[in-house]
Amino acid sequence: MKKRSIFLISSLAFGFSFLYVPILVMIAFSFNEANLSTTWTGLSLKWYQKLFENEQALKALMLSLRIALISATFATILGTLAGLALARFGHFKSRLFLAGMVSAPLVMPEVITGLAMLLFFISIGGLIGWPSGRGVTTITIAHITFSMAYVAVVVQSRLSSLDQSLEEAAMDLGGRPIRIFFDITLPLTAPAMMAGWLLAFTLSLDDLVISSFVSGPGANTLPMYIFSKVKLGISPDINALATLMIGTVACTIGLAGYLSMRHRASRGSGDG
Amino acid sequence: MIQSQPLQKSKDDHDATRPFVEIQGVNKYFDNFCAVNNVNLNVRKGELFSILGGSGSGKTTLLRMLAGLERPDHGRIIIDGQDVTDLPPYERPVNMMFQSYALFPHMTVAQNVGYGLKREGVAKGEISERVEAMLKLVQLQGFGKRKPDHLSGGQCQRVALARSLVKKPKLLLLDEPTGALDKKLREQTQFEIANIQDKLGITFIVVTHDQEEAMNMSGRVAVMNEGQFVQIGTPHEVYENPASKFVADFIGGINLIDGTVAGPVVDGFWPIELPQLGLTVPITHNATLSEGQAVTAAIRPEKLFVATSASTEPSFVSVPGVLYDQGYFGRISLFKVRLPSGRIITSTAQNRVRFARRALDWDENVTVSFDPKSMMVLTQ
C-alpha cells in the first residue's frame, strides 16, 4: 500500500467536513434539551416526543410519503418504458437527440421546471377543466415528470450493458416477444428498476421547489411544512423531523446503491 | 434399406435428391454495405457444414438469417422443403448456439436447457426427463441446479449446446462454437461436437473464422469472403485444391510465386516458368492455359524441404538459398529462405526426432527441395 500524503488526507477531511458537519450539528441539536437551537444544555428526546404530538407535521409527512410512493411507482413504469425504447430501438435518426431530451430534466433548474409545470396545469385546466385546482394530484404529476428521467437513465444503462443475444436466444428457443420481456428482460432489469424507484422516491420526498410551484391550498408536503416553519423561527422539533428524514433518505439511497452494486458484482463474476 | 417398401424407398429418393437446407440468391444490405451478396447454398440432411471466413465476411449475417434474426433483402431460405424466409425465429425448426453462449444468468442450468421445451408447452415431467438426458449427453449430469455464474467456460459451452439441441431442431446453427475456449479444450470440444452430431443425425451449420475448427469438424467447408462464397468443398479439396489465391492464403499458409506458361501442355503438365526460383517446373492443371499467360504457382510450406544439401529424391527439384530466418514452435520449425532472386519463401518441418541433427544456422547456405507434383497453378 502506498503511503498517502498529508495533503491528500487533509483535503479529504476538509471536503467531507464541509459536506457533513452542518448536518451532524443539526442531528446533534435534535437531541438537545434546550428550547433554543443555539445552546447545548443536555441530552434529551423531548423534541422527538413533541414532534409526534405535532399533528400538522405528521399530516405533512403522511402526504409526502403518499406522493412519493405513487410518483415513484409511476415514474418507474414510465421511465422503464423510455429506457427500454432508447436502449432497444436500434439506431434511429434522432436517437441521440431523444436520449438527451430524456436526461435534460436532470440538469434543468427546478425553478424552471416548477414554473413550466404551473403554467401547464393552469392552461390545461382552463382548456379541458382538469386539473380543476392545484393540490396533491398536480404535485404527484410534477414529481412523476422529473423523477422519471432518473429512472430512464438508470434502466437504459442497465439494458445497454445487457447482452442482446440473451433475448435473441430466448426468441430462437421459441419465446414470443411479449413472453421474452417477462421471462428475460424484466427479471434482468428489475434491480435497476428497483434502484430507479428508490431514487424517484427520495427525490419526491425531498422536493421543495417544484412542489411549492404546483401546490394548492391544504396540500403541504413535509419539505414545504419545514420551510414555512423555519421562516417563523427555528423550533428544535424541526431538527428532530429533519434527522428522521435524513435517516429515511440515507437508508433508501444505501439500499439503491447496494442493489446496483450487488448486480455489478454478479455481472463481473459472470464474465469470468 | 434395399428390402424396404417401395413407398418408403421413393421417399428416401426424394430426400436424397432434394437438399435439406436451401439458400437461394440471398442478399443482405446494412445501409449501403452489402453483407451477404447473392449467396446460393445447398446443405444435405445430416451434414456438418462449415462456413469459414474472416471478420466482416458476412458469415455471421448469413447464420442469423438462417435463424431468423435477420431478414434477407432478397432470396429465399428453405429448410426441409418449407420456405422459412418470412417466419420469425420462434416459428422456425432451427436452433442456434450463440458465440457468447447467451445463457440466461438468472436461471439454473436445468431451467436454461428446459426453456425451449417450456415455451413449446411440453409437460413438466417430460421437460425434466429430456433436460436430464441432454445434460447426460454433454456430460453435465448433476449440474442442473447450478447457475451459469458458477460454471467454467467449457461447461457454459456444453450448457449452450444442450439448450440448443433439446428441442431436436431440424437444423442447428453454431456461431464460433469453440472460439471462447483455450486451445487444448477447443480441439477436444470439436471432436465432441462432431460425435454428438453423428449420434443425433441433426444437420449442423457451423460458422467460424478458425480454419482448423472448420477442417476438423466438418464434411464440407464453404469459404466466404466479402459476402460471397469463394469455394465450397471437402476440407481436403479446399486445402489441396484451392480455387483462388484468396482461399489458398486464407486456409493455411502458402507460398505464392509469380510465373508464366512457358509452352504447350505435355502429358497433362504445363511448363511454368518461375523467374523467382530460376526454374521452369511442369505442373498439372485441369483447365486450359495459353502460352505466355501470367499465372501463380503455389506450394504449401510443409511441402518444401530445407536442408544443407539437395534432396536425393529423383522427382524433386531444388533451389539454392540462404537461411534468412527461422522459428521453433516445438511441434514444427519454420524456415524462411532467401533465394538468389531476393524472393523469400517459407517452409515448415515437423520436429520428428527428439535429438535432431545439427540445427541450421542463420545465414547458412541451404537448399530448398520440393516435388513439382505438390505445386499447383492458380489463375485467379
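Proteins get letters first, then strands, A, B, ... in listed order; numbering begins at 1 in each.
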### Query
Taking side chain as C-beta onward, heavy atoms only, is B/Met224 less than 4.5 Å from B/Leu62?
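Yes, close enough: below the 4.5 Å cut-off.
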### Query
What are the residues of residues 167-178 of chain A, in order of number, with any heavy atom under 4.5 angstrom from a heavy atom of chain B?
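The stretch touches chain B at A/Glu168, A/Ala169, A/Ala170, A/Met171, A/Asp172, A/Leu173, A/Gly174, A/Gly175, A/Arg176, A/Pro177.
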May I have the list of side-chain donor-acceptor pairs in residues 28-36 of chain B shorter than 3.5 Å, sequence neighbours left out?
residue: B/Lys28; atom: NZ; partner: B/Arg71; partner atom: O; Å: 2.9

Less than 4.5 Å to any heavy atom of chain A: does that hold for the side chain of [X], its backbone, both, or neither?
{"X": "B/Gln99", "result": "neither"}
{"X": "B/Arg92", "result": "neither"}
{"X": "B/Phe98", "result": "side chain"}
{"X": "B/Met107", "result": "side chain"}

### Task
May I have the step-by-step check of salt bridge (charged side-chain N to carboxylate O under 4.0 Å, His left out) for B/Glu192 and B/Arg158, ending in yes or no?
CA-CA 10 Å; B/Glu192 277 168 19; B/Arg158 286 150 190 270; 3.1 Å; yes
#### Entry: All pairs passing side chain to side chain donor-acceptor pair (under 3.5 Å) where residues 187-200 of chain A contributes a residue, at least two apart
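Checked against side chain to side chain donor-acceptor pair (under 3.5 Å) - neighbours excluded - the pairs reaching residues 187-200 of chain A are A/Thr73-A/Trp197.
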### Query
Among B/Met96, B/Lys118, B/His106, which has the most heavy-atom pairs under 4.5 Å with chain A?
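Option with the top pair count is B/His106.
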### Query
Which class fits the ring pair A/Phe16 and A/Tyr20: parallel under 30°, tilted 30 to 60°, perpendicular over 60°?
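Geometry flag for A/Tyr20 against A/Phe16: parallel rings.
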### Query
With A/Thr252, which residues qualify under side chain to side chain contact (heavy atoms under 4.5 Å, CB included), at least two apart?
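Result, side chain to side chain contact (heavy atoms under 4.5 Å, CB included) vs A/Thr252: A/Leu198, A/Phe201, A/Thr202.
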